[in-house]
4 protein chains.
Amino acid sequence: MAVRAGILGATGAVGQRLIQLLEPHPAFEIAALTASEASAGKDYRQAAKWRVDSPIPDDVADMTVTATDPDEVPDDVDLIFSSLPSSVGAEVEPGFCEDGYVVSSNSSNGRMDDDIPLVIPEVNADHLDLIEVQRDERGWDGAMVKNPNCSTITFVPTLAALAEYGLEKVHVATLQAVSGAGYDGVSSMEIIDNAIPYIGSEEDKLETESRKLLGEFDGAELSHNSVDVSASCNRIPTIDGHLENVWVETADEVTPEAAMAAMEDYDSLDLRSSPDPLIHVFDQPDRPQPRMDRTLGDGMAIAAGGLQQSPFGLQYNCLAHNTIRGAAGASVLNGELLLENGYL
Amino acid sequence: MAVRAGILGATGAVGQRLIQLLEPHPAFEIAALTASEASAGKDYRQAAKWRVDSPIPDDVADMTVTATDPDEVPDDVDLIFSSLPSSVGAEVEPGFCEDGYVVSSNSSNGRMDDDIPLVIPEVNADHLDLIEVQRDERGWDGAMVKNPNCSTITFVPTLAALAEYGLEKVHVATLQAVSGAGYDGVSSMEIIDNAIPYIGSEEDKLETESRKLLGEFDGAELSHNSVDVSASCNRIPTIDGHLENVWVETADEVTPEAAMAAMEDYDSLDLRSSPDPLIHVFDQPDRPQPRMDRTLGDGMAIAAGGLQQSPFGLQYNCLAHNTIRGAAGASVLNGELLLENGYL
Amino acid sequence: MAVRAGILGATGAVGQRLIQLLEPHPAFEIAALTASEASAGKDYRQAAKWRVDSPIPDDVADMTVTATDPDEVPDDVDLIFSSLPSSVGAEVEPGFCEDGYVVSSNSSNGRMDDDIPLVIPEVNADHLDLIEVQRDERGWDGAMVKNPNCSTITFVPTLAALAEYGLEKVHVATLQAVSGAGYDGVSSMEIIDNAIPYIGSEEDKLETESRKLLGEFDGAELSHNSVDVSASCNRIPTIDGHLENVWVETADEVTPEAAMAAMEDYDSLDLRSSPDPLIHVFDQPDRPQPRMDRTLGDGMAIAAGGLQQSPFGLQYNCLAHNTIRGAAGASVLNGELLLENGYL
Amino acid sequence: MAVRAGILGATGAVGQRLIQLLEPHPAFEIAALTASEASAGKDYRQAAKWRVDSPIPDDVADMTVTATDPDEVPDDVDLIFSSLPSSVGAEVEPGFCEDGYVVSSNSSNGRMDDDIPLVIPEVNADHLDLIEVQRDERGWDGAMVKNPNCSTITFVPTLAALAEYGLEKVHVATLQAVSGAGYDGVSSMEIIDNAIPYIGSEEDKLETESRKLLGEFDGAELSHNSVDVSASCNRIPTIDGHLENVWVETADEVTPEAAMAAMEDYDSLDLRSSPDPLIHVFDQPDRPQPRMDRTLGDGMAIAAGGLQQSPFGLQYNCLAHNTIRGAAGASVLNGELLLENGYL
C-alpha cells in the first residue's frame, strides 16, 4: 500500500515538480497539499500557476490546498515533502516533526545542523541514521532529513567517486540555470544576453554542504570531510541544468582515465529514482551540455565529461538537472530511502 | 599626418570592428582592405556582410577589396592590421613583414614564437623591443607584433596588477560570448538555452599566453613568468563580453582590499585607446556583468568585482569586451604603441 | 512485417528526427541511409553529427551510409523518406520514383506540381490518389507524395476546421523557431536578443501551399482553394515550435466559441502518428507557447488559443512543433497513409 | 534658462531612462524626483536599483526622493514627467495639473479622454491645443499631455506617412521586447526559448490610440480616424525594440515604392529629440531587426522595411526602441513641444 504523503509549498516551482514526480510513483500517494494563507481553501488548480511541461494531474487539480500547519494535514499522512522558503521552513518544519511526521525537505534551513542528516542516497545513505540521534536530542516522534542545495548535488557525487584518492582541494565554478531561483527569481531583463557572477549565499552552500555530505558518521557523531572547497557561482540564460567546472587535487595521483572509470563504476542504488549508472561519463570534450544532457536518467543522472590533467591535478565538468536531481527528485529519493530503511 | 593603414581580413567580424575603430581615428587612415580571393575586386559594400551596429563609413564602403597579398597593397601603406584565420595568417603575414610592412596582428599564429612580441601595452609595453631581435633573426624590414587571445586579455591585466605579490597558481573559468567564435562560429541551435564547456585550444591559450605576457624581457631574451595557470572555458548565450572567475594564489598574502587598490591604481597609458582607469573595480558582488559592463571605457576597459578571500587565496571576477579590448581594439592599441615608439 | 524504408539526407537535422521517429515504429524498418558523397562509405555514427536529444539507436549507428542514388539503395526497400535540400531533391527524387520506390518527401521541390499530392493526412488524405494521375503522366512505377512546409502545416489544420464557414481572406504572422532553418541555418549572433522579419521564400509557401492543401480533388484534377492568404514571416530565438497569429475572414460569420468547437471536434485519423485530438484548443489567452506546448501529442498536435472577434472576423494563435509535425513527423504520417491506402 | 522639471516614478525603468535623457538636456533641469512612500526620504542612489547602461549622474544620485505628491515638489518646478503605474497615475496626476504643473505623461490612464491630447509630435502636434479645451473643462492652471503606448508609437508614424492614400484597414502583429513590461515584468523562465502570444490590454491600445492619434482636431473637438485596426501582440526574448508586421489597406492604391518614398519624406520636426529622418527605410528585406536597428537616431527613429504588395494592399515591417521612442523619449519630446508652443 502506498505511503500517504503531503507536500508543503505545493504551489511553488519545486512543489509542482514534486507533484509531477509523485503522481505516477507507486510507493507514494499525494494526500495533502499546503501553501501560504492566500492559497488555503482553494482548489489546487486555482491556487497554483501551473508551469510544468506536463498537465496538472486531474485528481491533484481538484484537491483543496490548506495552510502549512500540522493541524491542517490529515493524521493518516506519514511522509511530508517540504519545499518552503528557508525562513518559513525554519518556522514550520519542526512542528511537523514534533507531531510525528517524517519530513523529507528541500528547504535550506537546518541543513548544517549536527543532528539533521543531509543525504544524497548514493553518496551517504548511512547518514540517515543520524535520525536516531535527532530523535534523542529533540524528542521528536517524527524525523527530518534534508537534501542539499541543487549546485551541491551536481558535483558531490563526482567527488565521492574520487574520495578513495584522498580529496584535498576543490575549485568549482558553476553555470546555473534560472529555474534554480524559482519561477520569478530571475527577471528576463537581468539575464538575456547576460550572465551574473553572483548568487546570494550559494558559494557557502557548495563549500560547507559538500564537507558534511562527504563526512563520516560513526553511529553517534558526524565528522565533516576535511577537503577545502572554493566555489564561484554564476547565473546564465539556461532554463534547467546546472553545469560546473571542477578542479580536484588529491593526496594520491589520479589519472583522467582512472577518474573516468571511478565515476562510471560508482555505485548506484536499488531505489526507484536512482539511475543506473548514477554518473554518465562522456568521452567528447564538449559534453555534458545543459540542454542536451539534463534529462539523462529521467533527470536524475549526473553527467560528467572533459576529464583531463590540469597543472594542479584533475579537471572536469559535471551537470545535473537542478529541479529534478537537484531539488524535487532529491527529496523523493530521500523519501524512498526512508521507506527502504523502515522509517515509514 | 595620419599613418596609412591596411586591414587584412577586412570583411570578417574583427575586420569590421577594425574599420569601425579606425575610421574616426586621428592617427590612422584606412588605405587598403584585403580579403579572400572571392571578394577581391569587389567594392567593400558588396564584399562584406556588414554586421556592426553602426553603418559602414561611406568612403570605406566604396573602397575596392584586394586579395591578401603584399603586392596588392599600395606601397605608401606603412601599418597593417591583420585579423586572419590562423592558418592563413601563418602563410601570408611573414611576407608582409619581409616587404617592410609593420604588422599589428590579432591572428593566433606565431603568438608564442620567441622573437614575436605578444603585447598588451598597459601590461608589457617593453616587450615591443623584441622587434629588434626579430629583425636581426628574420632579416625583416618590417615587423610583427601580436595581441593575445580575447580570453587571455580579459584576465591578464588583473594578474599584472597583483604581480608584486608573487603570482604562483591561477585557476580561471571563462564564460565566453558567441562573437568570440566569429559571426558564424556558434549556431543558434547549439547555444540557445545551453552552454558548451569546451572551446577548441582556448584553454591552452590562456595558460601559455599569460606566462609570456607576464614575463621579463632583458633586451635580448624573453623569459616567461613561472605562474601556473589552469583554465576551463565555456561558451554561453551572450553576444559580447567574456566573463571570467579567477582564483589567484600568491607568494605574499594579499587581502581583497589590497587587491582592489592594486587593480584600481594599476597604470593606464597615455595612448588614445587606453582607458583611464584601465581596470574598473566594482564594489557590488554581482558585477561585472557582460551586458551591463562590456562597454566601459568604450569597450577598452577591464572590469573586475567580487573580490574576496577564498580558502586558497584571492578570488574575483573580471570582464572585457572580447571583440574590442579582446581583438580589434587590442590591435589598434598596439598600433598606437608602435607609433609612439617610433616603429612607424 | 515491417516495410523496409530508406532515408535520403539521413545526416541532416530532419534526417536525424526521421531516425528518431522511425526506429521504434512498428510498421517501418530503417534499411538504408543516404547522404552526400562526403559521407558515403562511413558508418552513420561517423557521418552524422548527432544532435537529437535521444542517443543514436545502436543498429542505426553501425549502418553504412551510401550516396543518394537509387542504385545504392537495396532493392527490397519499398519506401523512401526524403529530406534533401530542394535543389538536390529536384535532381535525385524523380530517379527513385522511376526505379519503383514510393517516396514520402519533406523537400520543397515539386510541392506545387499539378500531379504531386501535397498532403496533411488529417486535412486532405483524398489528394493521395493524385498518384494515379502522376503515374499515368510520368510513367513511374513508384510514386511521390510531399508534405508541406513547416509553417504551412502549423496553420492549415485550423483553417480546414473553419472551411465550412467559407474561407475568404487570411492574414498570418509567423514567429518561427531556429531549427526550421537546419542546424547551422541561423547563427547565434544573428538571433540572440533579436528577431529577423524575413525568411527567404517562406511567405510564398504559406500563401500557395495552403490553397493547394485546401483544394478539391475530383479524381482527375486538383483545383486550389480560392482563399487569399498573406503571410509575414519572422525568425525568433526559440529552438523548436512555430507560433502563428492568424486572422480569418469567412463568408459566413463564425463566433470564437463556434470556432473553438470546430477546432476541437476536427477529425483526427486512425493512423499511428495522428494525435487525438488533432487540435488542442486552449482557453487561456496566453497559450499556446512554444516551449510549453510544442510537445503536445508527442509533437504531432496542433495547438490553438486566443480565439477572439477582430474588427474583421476571427483572430487566433496556433502552434506546432516544426521538426516533428512540421517535417519528419509529417513525412512519417504520409508514409502511414501510403501504407493504409495500399501504395506499399 | 533651463525649465525645472520633476520626474514622477523616478526609480522605475522608464524613470531611469528619463533621467538618462534629461540629464544632458539643455532645455530641462532635473529638479525633483518622486517615488513610492517606501523610497521617500532616501537618496536617489539608495532608492533606485539603477539598471540603465550608463552610470547614475552624480548630482541626480545625491538628490532626495520625495513622495509622489504635489506638496512635496518645489514650486519653481514647471514641468512634470510622469511614468507611474496607471492606477497610481489616475490618482495623483490630476492633482499636479490642478496645482499648476504642466505634465507630460507616459502613464496609460486618461490617454483616451476627450480633452487629453495624446501626442506624437511628428504626427499630430496640433492636437496639443486640446489643452485649451482641457483647461476650460477642468479648471486646471496646469495641463496634461500624454504619449501613447510603446507598441502604438512604433507603427503610427508609418500609418501617418500613408494617410494621404486613405487608411481603411490595418492588421498588425507585434514582437515586443521584455523591457516593455518593466524590469520585473517578464520572468526569465517565462521567455527563454519561448514566446507569449498575449500582452494584457495591449491589443486594445494599438487599436484605439492609433485612431485618436490619426484623428482631426478642429480647435474645439477631436474626431478619431475611421481606420479599423486589429492587433495581435506577442512577447519575445529581446531586451529592447518592438518589431511589428503591418498590413495596410488604403482607399487609393499605393505601391511599395510610393510607400517607401512617403515614409522617407515624412516630415521630421525641428525639436531636439526628433530625428531626421523620422522614418529610416531599409531596402534589405530582412531589416529592421531589434538588436541591429533600435538605436537609430539615438533610439528616437522609426525603422521600416520589407515593403511589398500583399494580396490585400501594402505589407511591411517597422521597429522602434520601446523605452526611448516608445516611452521616456516620447515624454521628453512632448516636453520639448510644450516648450516650443509656449506652454512652459
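Below, read A as the first sequence line, B as the second, and so on, with proteins coming before strands; counting in each chain starts at 1.
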Engineer: Highest number of heavy-atom pairs under 4.5 Å with chain D: which of C:Ala177, C:Pro311, C:Ser230, C:Gly306?
Structural biologist: C:Ser230
Engineer: Can you confirm whether C:Glu216 is buried at CD, in the sense that more than 12 heavy atoms of other residues, nucleotides or ligands lie under 6.0 Å from that atom?
Structural biologist: no
Engineer: Going from CD on D:Gln308 to OG on C:Ser232, what distance comes out if it is rounded to the nearest 0.5 angstrom?
Structural biologist: 7.5 Å
Engineer: Taking all non-hydrogen atoms of both residues into account, name the closest pair between C:Tyr198 and D:Pro285 and its distance.
Structural biologist: CB-O, 3.5 Å
Engineer: Got more than 12 heavy atoms from elsewhere within 6.0 Å of CG, C:Asp298?
Structural biologist: no
Engineer: Could you look at D:Asp240 and say if it's the side chain, the backbone, both or neither that has a heavy atom under 4.5 Å from chain C?
Structural biologist: backbone
Engineer: Using 0.5 Å steps for rounding, measure from the CG atom of C:Asn245 to the CG atom of D:Leu175.
Structural biologist: 7.5 Å
Engineer: Got a sec: does the CD of D:Glu164 have more than 12 other heavy atoms crowding it under 6.0 Å?
Structural biologist: yes
Engineer: Among C:Arg291, C:Glu203, C:Lys169, who wins on heavy-atom pairs under 4.5 Å with chain D?
Structural biologist: C:Arg291
Engineer: Side chain from CB out, backbone as N, CA, C, O: work out which of these in D:Asn317 comes under 4.5 Å of a heavy atom of chain C, or both, or neither.
Structural biologist: side chain
Engineer: Quick one: which of D:Arg294, D:Arg235, D:Gln284, D:Met292 has the most heavy-atom pairs under 4.5 Å with chain C, could you say?
Structural biologist: D:Arg294
Engineer: Around atom CG of D:Asp265, are there more than 12 heavy atoms of other residues, nucleotides or ligands at under 6.0 Å?
Structural biologist: yes
Engineer: To the nearest 0.5 Å, what is the distance between CG (D:Asn194) and CG (C:Asp293)?
Structural biologist: 8.5 Å
Engineer: Checking C:Glu190 against D:Gln289: is there a side-chain donor and acceptor pair closer than 3.5 Å?
Structural biologist: no
Engineer: Minimum heavy-atom separation for D:Pro197 to C:Pro288, with atom names?
Structural biologist: CG-O, 3.2 Å
Engineer: Going by the angle between their ring planes, with limits at 30° and 60°, are D:His171 and C:Trp247 parallel, tilted or perpendicular?
Structural biologist: perpendicular
Engineer: Quick one: pull up CZ in C:Arg287 and CD1 in D:Ile196 and give me the separation to the nearest 0.5 Å.
Structural biologist: 10.0 Å
Engineer: With a 4.5 angstrom heavy-atom cut-off, is it the side chain or the backbone of C:Val229 that approaches chain D, or both, or neither?
Structural biologist: backbone
Engineer: Heavy-atom distance under 4.5 Å to chain C: side chain of D:Ile236, backbone, both or neither?
Structural biologist: side chain
Engineer: Any side-chain heavy atom of D:Pro290 within less than 4.5 Å of one from C:Asp193?
Structural biologist: no
Engineer: Could you tell me which non-hydrogen atom of C:Ala231 sits nearest to which non-hydrogen atom of D:Gln315, and how far apart they are?
Structural biologist: O-NE2, 2.7 Å
Engineer: Quick check for you: among D:Pro237, D:Ala195, D:Ser310, which has the greatest number of heavy-atom pairs under 4.5 Å with chain C?
Structural biologist: D:Ala195
